[in-house]
Amino acid sequence: MLRNQMRSSTGARATRAAPSAAGRPARARCAVAARASAATVNWEGVRKDVVELISDPAERGGIGAKGPTIVRLAWHSSGSYDKMSKTGGSKGGTIRFKEELMHGGNAGLVNPVEWLDAIKAKHPGASYADIYTFAGKAAVEAMGGPVIPWKAGRLDEMDPSTVTPDGRLPDADSGNPTKTAADLRAVFARMGFERGY
């Protein structure tokens, strides 16, 4: 049994048993298993697979149209997050479900989901949620963007009923620049971003 080290009020070390796996709620056990599984993944191998997928020597910079499309998938996978209800976002990998792919803002994203299926199959310890977000990170970096901090261990949802309602992503055009900017700010505020502009 795992034991945690503690100090008593006299400074002596004491130990207490950590909760057993059986005592944890099922979701917490699944999250622990997802993190353990993600730790076995060769993430450098995933990065190489993503870079190979998006590479196109005929294009300037060596990256073809798949690079920005992978970034769009990662953004749309994450952009449905709601800070207040703690729903949506990339944690469940729900963008792979047809119910979410049918959202208006996700038009065309079935393609990168299918492209990444082969990478997911090659790295079965990775969740879909981790594959989508890591692929976006790898694509940004391959295209000359900044190095993006990232951690593995997102848990996939298995039920399409967890897909969030359509309408959480910003519209490309809300009719005029002022309204479009206001709508975009509202989306980022819903996700919990501070206004720093």
Side-chain angles (χ1 to χ4, degrees), residues 1-2 4 18-57 61-81 86-101 106 108-164 191-192:
M1 181 177 287
L2 295 174
N4 295 329
S20 70
R24 294 185 191 125
R27 182 110 181 125
R29 288 194 307 272
C30 289
V32 169
R35 284 192 294 277
S37 182
T40 68
V41 174
N42 174 2
W43 290 105
E44 186 54 34
V46 176
R47 176 189 306 281
K48 288 178 181 174
D49 291 340
V50 170
V51 171
E52 182 180 336
L53 170 71
I54 66 175
S55 293
D56 183 348
I63 302 295
K66 288 183 178 179
T69 306
I70 293 289
V71 173
R72 181 173 169 244
L73 173 69
W75 155 239
H76 283 236
S77 172
S78 304
S80 62
Y81 181 68
K86 306 277 191 252
T87 59
S90 62
K91 67 182 178 201
T94 56
I95 201 162
R96 73 188 189 280
F97 295 130
K98 68 177 188 212
E99 290 82 356
E100 189 162 339
L101 285 169
N106 292 336
L109 290 181
V110 68
N111 296 319
V113 166
E114 290 175 357
W115 302 335
L116 292 172
D117 278 346
I119 295 175
K120 168 72 170 97
K122 192 173 173 183
H123 304 277
S127 66
Y128 285 101
D130 277 351
I131 288 287
Y132 300 150
T133 56
F134 186 83
K137 163 195 167 52
V140 166
E141 293 170 4
M143 292 185 291
V147 174
I148 301 170
W150 181 89
K151 289 184 181 179
R154 290 162 191 79
L155 182 63
D156 282 337
E157 293 290 352
M158 297 298 149
D159 184 354
S161 70
T162 58
V163 169
T164 57
M191 289 189 285

I70 and L116: side-chain contact (heavy atoms from CB on, under 4.5 Å), yes or no, with the steps? CA-CA 9 Å; I70 293 289; L116 292 172; 3.9 Å; yes
Partner residues of R47 under the salt bridge (charged side-chain N to carboxylate O under 4.0 Å, His left out) criterion, sequence neighbours left out: E44, E141
Quick one: does S80's side chain have a donor or acceptor within less than 3.5 Å of a partner on G89's backbone? yes
Would you say K120's side chain and S127's backbone share a donor-acceptor pair under 3.5 angstrom? no
Nearest 0.5 Å, what's the CD-CZ distance between E157 and R154? 14.0 Å
Please evaluate residues V113 and Y132 with respect to the criterion side-chain contact (heavy atoms from CB on, under 4.5 Å), reporting the C-alpha separation (whole Å), side-chain torsions for both, the decisive distance (0.1 Å), and the verdict. CA-CA 8 Å; V113 166; Y132 300 150; 3.6 Å; yes
What is the distance from atom CG of D49 to atom CD of E52, rounded to the nearest 0.5 Å? 6.5 Å
Check: I119 and H123 side chains under 4.5 Å, non-hydrogen atoms: yes
Please test K91 against L155 for side-chain contact (heavy atoms from CB on, under 4.5 Å), starting from the C-alpha separation and ending with a verdict. CA-CA 6 Å; K91 67 182 178 201; L155 182 63; over 6 Å; no
For W43, which residues count as a ring-ring contact (aromatic ring centres under 6.0 Å, His included) partner, sequence neighbours excluded? F134, W150
Got a second to check how far D159's CG is from E99's CD, nearest 0.5 Å? 9.0 Å
Kindly give the heavy-atom pair with the smallest separation between S77 and I95, and that separation in Å. N-CD1, 3.8 Å
Among V71, T69, I63, which residue satisfies the side-chain contact (heavy atoms from CB on, under 4.5 Å) criterion with I54? I63
Can any side-chain N or O of K137 pair as donor or acceptor with the backbone N or O of I148 at less than 3.5 Å? yes
K98 vs P160 side-chain heavy atoms within contact, under 4.5 Å: no
Do we see a donor-acceptor contact under 3.5 Å between the side chains of E100 and T94? yes
side-chain contact (heavy atoms from CB on, under 4.5 Å) with V41: of V46, I131, D130, only one passes, and it is V46
Does the T133 side chain pair with the main chain of A129, one donor and one acceptor, at a distance under 3.5 Å? yes
Could you report the tightest heavy-atom contact between A139 and G67, atom names first, then the distance? CB-O, 3.8 Å
Drop me the distance from D156's CG to F97's CZ, to the nearest 0.5 angstrom. 7.5 Å
Distance-only, no hydrogens or angles: does the N42 side chain make a donor-acceptor pair with backbone N or O of G45 under 3.5 Å? yes
Heavy-atom pair with the smallest gap, counting every atom of V110 and L101: N-CD2, 3.8 Å
If you compare all heavy atoms of P68 against all heavy atoms of A65, which two are closest, and at what distance to 0.1 Å? CD-O, 3.3 Å
